[in-house]
Amino acid sequence: MKEVCKKLIGQTIISCQAYEDTPLYGADNMKKMAACAIMGGAKAVRSCWSQDIKAIRSLSNDLIIIGIDKVIDKTKKESTYPIITPNFESVKKVVEAGANVVALDCTPYETRGKDEIVALLKQIHDTYPDIAVMADTARVEDAKFVHDTGYVDIVSNTLSDYVTKSGKFDKDVVIEYKKQCPNCLVNAEGKIWDLNDMQEAIDAGSDMITIGTAVTRPHLITERFIKYNNKHRNK
């Protein structure tokens, strides 16, 4: 097991990301957000795009950074192609920016099948043998597939809610990941809003937990409370 993976066991990873259409977009803001996460005790963050990763890395050499590179094609429907670190060029950007771990969408699509995923994972393994790989997946069978390649260190249910559309954390998915992927660590991610969700992720056997929106997307946190208030005051 890679040293960085050992350090991630039992950790809470804070996802520090912001899109162009939100007020917090920008490397300096993400650096401040990561600094807040560190102040709160986080030892690992997930960051998107090389400029943000570089800015966050300047805070600390000891901080574990799970790096991704989202490549969004607005002419395509999001569910039809990989967005998260879709190719080796994206991987290279993330690694050179200072990430210890590279996360990438390992879901098979019509536009990119299993053979292409295996080839990409092998290229990462051969080029960056010391960099850990986290496979973002949507289904248990996808996690099992990449687990069996031997090129992945961590499997994550990052994309499972896009399939289930449940809108809440799914403990059973994480339990199945643990069963089907015994040679990988398991990251629980998605719809973890409160301490009850976190407890479910721990009870499911997750090796680490990633929290994003509940901590680092103020407009969505606000929206959640506003909707609840409006709904329950207008009964």
Side-chain angles (χ1 to χ4, degrees), residues 1-2 4-5 8 13 15 17 44 46-49 53 64-73 76-95 99-165 170 172-191 201 204 206-210 212:
M1 182 183 294
K2 294 182 174 72
V4 68
C5 292
L8 279 171
I13 302 160
S15 183
Q17 299 181 52
R46 178 172 167 123
S47 177
C48 183
W49 299 306
I53 295 168
I64 298 171
I65 300 177
I66 295 93
I68 64 174
D69 179 54
K70 288 184 178 177
V71 181
I72 301 172
D73 185 342
K76 297 179 181 178
K77 186 178 179 181
E78 284 194 7
S79 60
T80 63
Y81 71 103
I83 291 174
I84 303 171
T85 325
N87 51 48
F88 190 74
E89 181 183 353
S90 286
V91 172
K92 186 177 180 182
K93 287 179 182 178
V94 165
V95 173
N100 313 84
V101 181
V102 172
L104 65 157
D105 184 349
C106 288
T107 305
Y109 295 90
E110 288 184 8
T111 56
R112 189 191 66 175
K114 290 184 176 181
D115 289 345
E116 290 87 351
I117 293 172
V118 173
L120 176 56
L121 291 172
K122 184 178 186 302
Q123 188 175 10
I124 298 169
H125 177 270
D126 292 346
T127 308
Y128 302 114
D130 296 326
I131 295 293
V133 174
M134 176 184 288
D136 289 341
T137 58
R139 304 171 183 85
V140 174
E141 55 264 36
D142 298 337
K144 178 70 163 61
F145 153 63
V146 291
H147 165 273
D148 291 348
T149 68
Y151 296 132
V152 169
D153 303 282
I154 306 162
V155 291
S156 176
N157 71 313
T158 311
L159 304 170
S160 61
D161 188 64
Y162 290 92
V163 173
T164 64
K165 306 292 185 183
D170 192 337
D172 292 336
V173 169
V174 176
I175 290 172
E176 281 303 309
Y177 271 50
K178 287 294 292 183
K179 288 180 181 177
Q180 299 295 328
C181 306
N183 297 323
C184 288
L185 297 177
V186 173
N187 173 54
E189 183 171 358
K191 306 302 178 183
S206 64
D207 297 290
M208 64 199 75
I209 297 169
T210 298

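With hydrogens and angles ignored, the 3.5 Å screen pairs a side-chain donor or acceptor of Glu116 with a backbone N or O of Gly113.
For the side-chain hydrogen bond (donor to acceptor under 3.5 Å, both in side chains) condition, the pairs that include at least one residue of residues 99-112, sequence neighbours left out, are Arg57-Asn100, Asp105-Thr107, Asp105-Tyr109.
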Between Asn87 and Glu89, is the side chain to side chain donor-acceptor pair (under 3.5 Å) condition met? List the steps. CA-CA 5 Å; Asn87 51 48; Glu89 181 183 353; 5.0 Å; no
Salt bridge (Lys or Arg N to Asp or Glu O under 4.0 Å), that's the test. Do Lys92 and Asp69 meet it? Break it down for me. CA-CA 10 Å; Lys92 186 177 180 182; Asp69 179 54; over 6 Å; no
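With contacts defined as side-chain heavy-atom distances shorter than 4.5 Å, the pair Ile68/Arg46 qualifies.
Residues that satisfy the ring-ring contact (aromatic ring centres under 6.0 Å, His included) test with Tyr81, not counting sequence neighbours, are absent from this structure. A search for side chain to side chain donor-acceptor pair (under 3.5 Å) contacts involving Asp142 returns Arg139, not counting sequence neighbours.
Heavy atoms only, all atoms of each residue included: Ala143 and Tyr177 are closest at CB-CE2, 3.6 Å. The shortest heavy-atom contact between Ser156 and Thr158 is OG-OG1, 2.6 Å. Nearest heavy atoms, Trp49 versus Lys70: NE1-O, 3.0 Å. Taking both residues in full, the closest heavy atoms of Cys5 and Leu185 are given as O-CD1, 3.5 Å, listed atom of the first, atom of the second, then distance.
Salt bridge Lys178/Asp207: present, at least one basic N to carboxylate O contact under 4.0 Å. By the 4.0 Å N-to-carboxylate-O rule, Glu141 lies too far from Lys144 to be salt-bridged with it.
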